[in-house]
Amino acid sequence: PYTKPKDLIENYDTAKLSNGDKTPCNVTPLNVTVVDVFPQAALLSWPPLKLDDDRSLLNYVVFYIAAPHQNVTLWDGRDACGNDGWSVEDVNTFSSTDLINQPLTKLEPYTQYAYYVKAYTLATEQKGAQSDIKYFTTRPDMPTRVRKMKAVAIGPDKIVSQFLMILG
């Protein structure tokens, strides 16, 4: 009788929730906008993902990272060992009818950030959503007082000063 070799895997041997089946086949764009920006925070907003069964939507995840230039990709800061430079905010409280608002906090003043939002659904849904990578810059904040200052005379009429400003 024929016996299947141990290293031969058939399609029916593969679990439906692995090997790529966790990614939806139909990814629709999420239209995420920045509603307001503050020195250390920003407020994002987007319309909810429309599904046949609202219970299929598990959550939204906001990914954001400081980005000095507008050339960030989804893979920036990520490596094969699971290290990820992107900060993550899970959005588990949402409505299927109202706009979803998510604040990002503890940001650095006057810093450009890249962000995108991804909707996670049940594997059986075969529909998901993700926004494009977009950018915003936090507002400047009040400068702190100068903590240390050093002045050096480099000539009879020239002084060079150096100072250290502590942020935060």
* **Evaluation steps, side chain to side chain contact (heavy atoms under 4.5 Å, CB included), between Leu44 and Val35** => CA-CA 6 Å; Leu44 306 180; Val35 176; over 6 Å; no
* side chain to side chain contact (heavy atoms under 4.5 Å, CB included) between Val117 and Trp46: does it pass, once the steps are laid out? -> CA-CA 9 Å; Val117 176; Trp46 62 92; 3.9 Å; yes
* Between Tyr116 and Gln130, does a side chain to side chain contact (heavy atoms under 4.5 Å, CB included) hold up when you go through it step by step? -> CA-CA 7 Å; Tyr116 71 96; Gln130 183 171 312; 4.0 Å; yes
* Please test Val37 against Thr137 for side chain to side chain contact (heavy atoms under 4.5 Å, CB included), starting from the C-alpha separation and ending with a verdict. => CA-CA 8 Å; Val37 179; Thr137 301; over 6 Å; no
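For Trp86 and Tyr113, the gap between ring centers reaches or exceeds 6.0 Å.
Between the Lys134 side chain and the Thr33 main chain, no donor and acceptor come within less than 3.5 Å of each other. Without hydrogens or angle criteria, Lys118 side chain to Gly128 main chain gives no donor-acceptor distance under 3.5 Å. In this structure, the side chain of Ser56 does not engage the main chain of Thr121 through any donor-acceptor pair within 3.5 Å. Ser95 places a side-chain N or O within donor-acceptor distance of the main-chain N or O of Thr97, the cut-off being under 3.5 Å. Looking at Arg139, its side chain never comes within 3.5 Å of a backbone N or O of Tyr110 through a donor-acceptor pair. With hydrogens and angles disregarded, a donor-acceptor distance shorter than 3.5 Å links the side chain of Thr138 to the backbone of Thr111.
Checked against side chain to side chain donor-acceptor pair (under 3.5 Å), Asp54 has the following partners two or more places apart in sequence or in another chain: Ser96. Under the side chain to side chain donor-acceptor pair (under 3.5 Å) criterion, Glu89 pairs with no residue at all, not counting sequence neighbours.
Within a 6.0 Å radius of CG in Asn71, more than 12 heavy atoms belonging to other residues, nucleotides or ligands are found.
In this structure, Leu57 CG and Lys50 NZ are separated by 11.0 Å, a value rounded to the nearest 0.5 Å. Here OG1 of Thr105 is found 9.5 Å from CD of Gln40. Values are rounded to the nearest 0.5 Å.
Closest non-hydrogen pair, Leu122 versus Arg55, comes out as CD1-O, 4.4 Å. Of all the heavy atoms in Leu30 and Pro47, the pair that sits closest is CD2-O, 3.9 Å. Considering every non-hydrogen atom in both Pro48 and Ile100, the closest pair reads CA-CD1, 3.6 Å.
Both Val88 and Tyr135 sit in one connected hydrophobic cluster of ILVMFWY residues. Membership requires side-chain heavy atoms under 4.5 Å apart, directly or through other members. A continuous path of hydrophobic side-chain contacts links Val34 to Val32 [ILVMFWY only; heavy atoms under 4.5 Å]. Hydrophobic clustering (side-chain heavy atoms under 4.5 Å, transitive across Ile, Leu, Val, Met, Phe, Trp, Tyr) groups Tyr120 together with Ile133.
At least one side-chain heavy atom of Leu104 sits under 4.5 Å from a side-chain heavy atom of Phe136. When side chains are defined from C-beta on, Gln102 does not count as touching Leu43, because their heavy atoms never get closer than 4.5 Å.
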Report all side-chain donor-acceptor pairs from residues 60-67 shorter than 3.5 Å, counting only partners two or more places apart or in another chain.
from	atom 1	to	atom 2	distance (Å)
Tyr60	OH	Leu49	N	2.8

